[in-house]
Number of protein chains: 2
Amino acid sequence: MVGARSILPIMKQATIYSIAQALEVSASTVSRAFSRPDLVKPEVRERVLATARELGYAPNRAARGLATGRTGLYGLLVPDVTNPFFPPLIRAIQQAAARVDAGVLLVDSEGSGAAETALVSRIKAQVDGLLVASPRLATAKLKEALGAVPSVIINRAAQGLATVVCDNTAALREAATHLHDLGHRRFALMRGPSASWAAGRRAHAIRSWAQEAGVSLAELGHYEAVFVDGRRAAAQIVESGATAVFAFDDLMAAGVIAGLSDLGETVPRDRSIIGCDDVLLARTMTPGLTTVTAPLEELGRQSVLALHGLLEQRPVPNVQLQGTLTVRGTTGPPP
Amino acid sequence: MVGARSILPIMKQATIYSIAQALEVSASTVSRAFSRPDLVKPEVRERVLATARELGYAPNRAARGLATGRTGLYGLLVPDVTNPFFPPLIRAIQQAAARVDAGVLLVDSEGSGAAETALVSRIKAQVDGLLVASPRLATAKLKEALGAVPSVIINRAAQGLATVVCDNTAALREAATHLHDLGHRRFALMRGPSASWAAGRRAHAIRSWAQEAGVSLAELGHYEAVFVDGRRAAAQIVESGATAVFAFDDLMAAGVIAGLSDLGETVPRDRSIIGCDDVLLARTMTPGLTTVTAPLEELGRQSVLALHGLLEQRPVPNVQLQGTLTVRGTTGPPP
DNA sequence: TCTCTACGTGCAATCGGTTGCAAGCAACCT
DNA sequence: AGGTTGCTTGCAACCGATTGCACGTAGAGA
């Protein structure tokens with residue numbers, strides 16, 4: 001014994017065996033004190049827990065995983081971490097997962113359906129279950145890729161899979177009415193990606209409202225849900241003659257505003273714009289963006305709850321949450 | 001050979017043993033074919049690999065982890081996922097980690113130093129190493145919390161720890177010169193959080209430039225690096241009489257612009273603003289924000305490289321990258 | 001007093017890899 | 001021919017927790 005290193009004795013991490021030894025009980029008892037406390041005499045359990053704390057014991061995840069087949073990890077697959085829609089969702093998921101003692105393994109598919117397939121099969125052996133946010137893949141392919149891994153799909157309907165979605169229909173109708181009340185009669189709708197489930201839903205909500213209200217609606221797109229596509233679309237909007245615009249999401253809305261500004265227009269003086277999602281950007285731009293706020297924290301929490309339920313063999317109902325209208329500064333009376 | 005089950009035979013996931021059996025070799029050989037290919041006769045190795053592919057074999061991470069003590073996971077601790085500075089970094093880290101066959105376990109400290117301590121000790125047993133982005137904790141406490149876990153600190157200097165930082169001094173001086181050339185002579189600096197290393201560095205860079213250039217510099221703050229703090233600070237800026245403002249980061253810059261707008265001013269007509277980091281927001285606001293672009297992808301890549309090196313016992317030099325000036329629409333001549 | 005039940009505990013196998021050690025074998029050297 | 005070397009491979013002991021099974025004990029019931 002040479003290296004008497006000063007502070008921390010190079011003591012190997014405590015195991016159930018070290019605890020068992022210290023207490024002169026068997027390792028099984030220690031194990032059970034944690035995983036099945038009801039099977040251990042209260043007094044013994046207390047002593048085990050105390051000693052564990054003393055020795056700084058933390059169960060070895062790998063060993064537990066090997067024995068139980070559970071990793072304590074949830075995979076989270078997002079199409080694009082840098083899209084401001086996802087970070088609040090990620091955070092909520094992370095928190096909720098921590099509450100059920102699970103970690104979050106994050107992967108980004110860079111918006112590619114092919115990558116989704118690859119990533120899913122890459123990580124499905126490493127996790128207990130998968131949370132798939134806004135998948136690009138068609139439902140059938142998605143199901144195939146997922147195989148038997150317990151999964152929850154976020155922000156998209158998918159027959160035969162557990163889903164947690166946000167319905168914006170009511171909020172969008174409210175938004176439309178808000179614009180109508182301000183005096184707008186000519187509307188434009190900037191459609192999102194054709195493969196996007198949300199885009200279809202939103203378009204449908206607005207389309208049916210416009211029909212009922214008997215106002216004109218110019219449908220533009222499909223566009224990619226990115227800033228530059230919004231910016232480029234500004235000319236088409238001007239051309240359409242619409243005074244009020246529904247952008248597919250906040251990013252596109254910001255793009256449109258930038259594009260209109262390039263053309264010498266000011267929002268909301270010359271035109272009103274409404275976004276969707278209420279990402280950080282919507283709150284921080286000037287003027288603030290009128291938009292439909294998605295309950296992202298709740299979305300995250302519910303997804304984790306659903307996955308957790310799935311893992312415990314509980315039947316999990318599909319969840320549908322509601323978006324709400326948030327009026328800020330990009331809507332006003334028509335010129 | 002009986003079970004010709006039609007599509008997916010309910011076959012348990014393939015293991016090295018199933019492969020070994022199929023090939024009539026020992027499991028050790030199969031194991032070595034993967035982990036130490038050089039020890040296996042090429043011909044045998046080929047057959048193992050082929051059979052593995054055929055059987056859809058994927059090594060069991062938990063088992064490997066138990067045997068080797070490696071989990072194949074890097075922990076990534078960020079103070080706030082929703083701060084747009086981090087998502088691009090996260091994505092880069094995730095990609096780089098995948099390239100060395102590691103997963104990323106993401107945790108968010110919600111900007112609290114105390115939570116950092118708790119989270120670090122919570123996950124350090126589950127990961128091979130830790131990437132700590134912009135920690136709030138003082139270096140000493142951080143080191144204590146990290147203990148012996150191989151770690152890389154991102155975006156902050158920390159004596160005795162491996163670090164990967166971005167130096168903005170040169171870019172900020174360039175930005176200052178840009179403003180000076182436009183005719184500005186009265187400057188203001190909105191300082192970031194006092195605990196932030198980056199804030200100190202940026203302040204120092206600007207302060208020393210101002211001194212050399214012989215222009216007036218009003219130092220405001222410290223502020224939190226959030227939108228609302230920027231917005232509230234607008235009045236102080238007007239009061240200071242500065243025509244050009246360095247905000248600690250883009251979020252604050254956006255806040256200032258909003259605040260000035262509240263007061264009836266327009267940027268850059270009435271005042272010029274410069275941010276820092278070049279987050280998505282900076283590109284998507286109207287007008288675009290003049291700012292110092294941080295090489296986030298490179299920052300992420302280098303951090304992973306460093307951690308990977310650490311894990312292989314290689315000596316890892318500290319990395320320092322350079323920010324670059326990006327001129328957009330929030331800077332112009334003084335009124 | 002004797003069985004029966006219920007509870008608490010320990011034994012030992014198991015999860016799926018990794019790895020030190022030694023044996024088998026062929027080529028090479030003297 | 002005998003000895004040496006180096007390459008392949010198998011054996012078996014781990015890694016740290018979980019869990020089915022069986023044993024021992026004490027209290028309940030007859």
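Numbered from 1 within each chain, the chains take letters A, B, ... in sequence-line order. What's counted below: heavy atoms across the whole structure, side chains too, no hydrogens, waters or symmetry copies.
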When you compare the side chain of A:Val127 with that of A:Tyr74, does any pair of heavy atoms fall below 4.5 Å? no
Taking the side chain of [X] as its heavy atoms from C-beta onward, which of [options] lies nearest to it?
| X | options | answer |
| --- | --- | --- |
| B:Arg64 | C:dG8, C:dT18, D:dT9 | C:dT18 |
| B:Tyr17 | C:dG17, D:dA17, D:dT9 | C:dG17 |
| B:Ser26 | D:dG10, D:dA17, C:dG8 | D:dG10 |
| A:Val25 | D:dC15, C:dT9, C:dG10 | C:dG10 |

I need the [atom1]-[atom2] distance between [X] and [N], as an integer number of Å.
| X | N | atom1 | atom2 | value |
| --- | --- | --- | --- | --- |
| B:Gln126 | D:dG16 | CD | P | 16 Å |
| A:Asn60 | C:dC15 | CG | P | 18 Å |
| B:Glu24 | D:dT8 | CD | P | 21 Å |
| B:Arg61 | D:dA17 | CZ | P | 21 Å |
| A:Leu39 | D:dC21 | CG | C1' | 14 Å |
| A:Leu66 | C:dT14 | CG | P | 13 Å |
| B:Arg70 | D:dC15 | CZ | P | 18 Å |
| B:Ile19 | C:dG17 | CD1 | P | 8 Å |

Would you tell me if any nitrogen or oxygen in the side chain of A:Tyr57 comes within less than 4.0 Å of OP1 or OP2 on D:dA17?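 Yes.
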Just to confirm, is there a sub-4.0 Å distance from OP1 or OP2 of D:dG16 to any side-chain nitrogen or oxygen of A:Thr15? no
Atom pair NZ (A:Lys141) and NZ (A:Lys143), whose distance is rounded to the nearest 0.5 Å: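 Reported to 0.5 Å precision, the distance equals 14.5 Å.
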Is the distance between the ring centroids of B:Phe34 and B:Tyr57 under 6.0 Å?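 They qualify: ring centres under 6.0 Å apart.
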Quickly, which of B:Thr82, B:Asn83, B:Val81 forms a side chain to side chain contact (heavy atoms under 4.5 Å, CB included) with B:Asp108? Name it, please. B:Val81
Just do the salt bridge (charged side-chain N to carboxylate O under 4.0 Å, His left out) check on A:Glu297 and A:Arg301 with the steps written out, would you? CA-CA 6 Å; A:Glu297 291 73 23; A:Arg301 199 172 315 139; over 6 Å; no
Could you tell me whether A:Arg32 and A:Asp38 make a salt bridge, using a distance below 4.0 angstrom between a side-chain N and a carboxylate O? no
Angle between the end axes of the helix from C:dT1-D:dA30 to C:dT30-D:dA1, five pairs per end, to the nearest 10 degrees? 50°
When we call it a touch if two heavy atoms are under 4.0 Å apart, what does B:Phe34 touch: a base, just sugar-phosphate, or nothing?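 Touches nothing.
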Would you indicate what A:Val30 reaches in the nucleic acid, counting non-hydrogen atoms under 4.0 angstrom: base, sugar-phosphate, or nothing?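 Nothing: the residue A:Val30, judged by heavy atoms under 4.0 Å, touches no strand.
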So which protein N/O to nucleotides 19-22 of chain C N/O distances come out below 3.5 Å?
| from | atom 1 | to | atom 2 | distance (Å) |
| --- | --- | --- | --- | --- |
| C:dT19 | O4 | B:Ser28 | OG | 3.4 |
| C:dG20 | O6 | B:Arg32 | NH1 | 3.4 |

side-chain contact (heavy atoms from CB on, under 4.5 Å) between A:Thr15 and A:Asn60, worked out: CA-CA 8 Å; A:Thr15 69; A:Asn60 180 319; over 6 Å; no
If I compare all heavy atoms of A:Ser109 with all of A:Ala115, which pair ends up nearest, and what's the gap? O-CB, 3.5 Å
Selection residues 120-135 of chain A - residue pairs positive for salt bridge (Lys or Arg N to Asp or Glu O under 4.0 Å), sequence neighbours left out: A:Arg122-B:Asp101
Just by distance, no angles: are the side chains of A:Gln95 and B:Glu110 close enough, under 3.5 Å, to form a donor-acceptor pair?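 Judged by distance alone, the side chains do pair up.
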